[in-house]
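I have placed the structure first, in the form of structure tokens, so that the comments after it can refer back to it.
Order of the sequence lines sets the chain letters (A, B, ...), proteins ahead of strands, with each chain counted from 1. The basis for the numbers below is simple: all heavy atoms, side chains too, and nothing from hydrogens, waters or symmetry mates.
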Protein chains: 2
Amino acid sequence: MTDKKENILAAALDLFANEGYHAVSTSKIAKHAKVSEGLIFRHFNNKKGLLEAIMKDAEQKVAQMLAPILFEDDPKEVIRKVIQTPFNLLPKNYGFWKLQYKLKWETEYNHPHKMKPLIDKMQWAFAKLGAEEPEQEAILLHNILDMVGIRLMRREWDKDSSFQAFLMRKYKV
Amino acid sequence: MTDKKENILAAALDLFANEGYHAVSTSKIAKHAKVSEGLIFRHFNNKKGLLEAIMKDAEQKVAQMLAPILFEDDPKEVIRKVIQTPFNLLPKNYGFWKLQYKLKWETEYNHPHKMKPLIDKMQWAFAKLGAEEPEQEAILLHNILDMVGIRLMRREWDKDSSFQAFLMRKYKV
DNA sequence: AAATAAGAAGTAAGTACTCACTCATTATAT
DNA sequence: ATATAATGAGTGAGTACTTACTTCTTATTT
């Protein structure tokens, strides 16, 4: 991966996340990356190919985020880690996550089933902790944390929000 | 409001919601509305003016949705009505609400403070019901229902989801 | 007849993408 | 070791086409 190719990816990620895929032209990306416009097409074939190159990283980043939860076998610790997840996202990666959230509005990039393993693990944890409706509890907490992620990415909250501590108290973990 | 003007608004709403503002051209809107392209500019000046005409309805629709909650003075009934709100959105209006949700990713159209009266009312209700941290409880429930709305608009759930009943049990209302 | 609504045919700027080319590095042949 | 050939990153002007928007003309209403 050459320097200029990485510049293109970084510029595109930033612009797509903040202005939207369709709102950003390839010429604008080229200017931001300080690169000729043609180079974008040499490396990525077309504009969509550029988006897909960015999205290819997504799956492994998600997997890497979920691994410590899926391998945890103390149910309380599962809930703890799940709650921490959105608050632990690094601000330098906010652009990346923001793009993920935004693209979920395009059918093509919305894959709710990919969260199934996480929800199953949460369901297991809630069952172990004696919840009456572990499946619904898992869906509920998943919803809460999805929305927390959205608020953080939209900069409505900061990562030191007192809401994290509140959730910890609420779930007694 | 002439027929054709309404056609334009309906077509634009549908296309903006499902494909995105920047992804839709004025000529496409004209074709869908079965109208000449020039007519769009006669009625709305420019493309953005068309979007703003759609968004102008939003505030009153939101106000109208919140009124029965803000005027309710039984705290239990406040929580009940709040929980019902997203599930009661009419499928024929899904396009409209979907557009509202999507546009929140554009700074220009994200006004979190507009939900303040609702959150204050919820906080009041939770306090009356003896919650230990009514403010956080209000933020929590607001998050849950925002995410429920998103799931419904993205068609990940349908409005008969068992989740509504679960929330009613959970909040004992 | 006057005013308004609608349509058709433009325009200039912008779009994604291509093409012929340069330049530097690396592999191969002598 | 040195000349030669091949490769691939990088450029920027140019392509056909689309865009938002305008202007002029024609229906329709009052």
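Comparing C/dG7, D/dA9, D/dC21 by their closest approach to the side chain of A/L39 singles out D/dA9. In the set D/dA9, D/dA20, C/dC17, D/dA9 carries the atom at the smallest distance from any side-chain atom of A/R42. Residue B/S27 has its side chain nearest to D/dT19 when only D/dA9, D/dT19, C/dA16 are considered. When the nucleotides D/dG10, C/dT15, D/dA20 are ranked by their closest atom to the side chain of A/K4, D/dG10 comes out on top. Each of D/dC21, C/dT15, D/dG10 was ranked by its minimum atom distance to the side chain of A/S25; first place goes to C/dT15. Closest to the side chain of A/S36, from the set C/dC17, D/dA20, D/dG10, is D/dG10.
Take the nearest nucleotide of DNA chain C for A/V24 and for B/K34: the residue whose nucleotide is more 5' is B/K34.
Protein atom CG of B/L50 is 12 Å distant from nucleotide atom C1' of D/dA20, rounded to whole Å. To the nearest angstrom, C1' of C/dA6 lies 15 Å from CZ of B/F41. One atom, CG of B/N45, and another, C1' of D/dT22, lie 12 Å apart when rounded to the nearest Å. Atom CG of A/N7 and atom C1' of D/dT11 are 16 Å apart (whole Å). Whole-Å rounding puts the A/E37 CD to C/dA16 P distance at 7 Å. Across the protein-nucleic acid pair, A/N46 atom CG and C/dT18 atom P stand 8 Å apart, rounded to whole Å. Look at CZ on B/F16: it is 9 Å from P on D/dA20, rounded to the nearest Å. Atom NZ of B/K31 is separated from atom C1' of C/dG7 by 15 Å (rounded to the nearest Å).
For A/H43, no side-chain nitrogen or oxygen approaches OP1 or OP2 of D/dG8 to under 4.0 Å. A sub-4.0 Å separation between OP1 or OP2 of C/dT15 and a side-chain N or O of A/H22 is absent.
By the 30° and 60° cut-offs, the orientation of the rings of A/F166 relative to A/F163 is tilted.
For the residue pair A/K98 / A/N18, a side-chain donor-acceptor distance below 3.5 Å is found, with atom types taken as modelled. In the model, B/S27 has no side-chain atom that pairs as donor or acceptor with a side-chain atom of B/E37 under 3.5 Å.
Counting non-hydrogen atoms of other residues, nucleotides and ligands closer than 6.0 Å to CG of A/D158 gives a total above 12.
B/T26 comes within contact range of at least one nucleobase, with a heavy-atom separation under 4.0 Å.
Scanning all heavy atoms of the two residues, the minimum distance from A/K28 to A/E19 falls at NZ-OE1, 2.8 Å.
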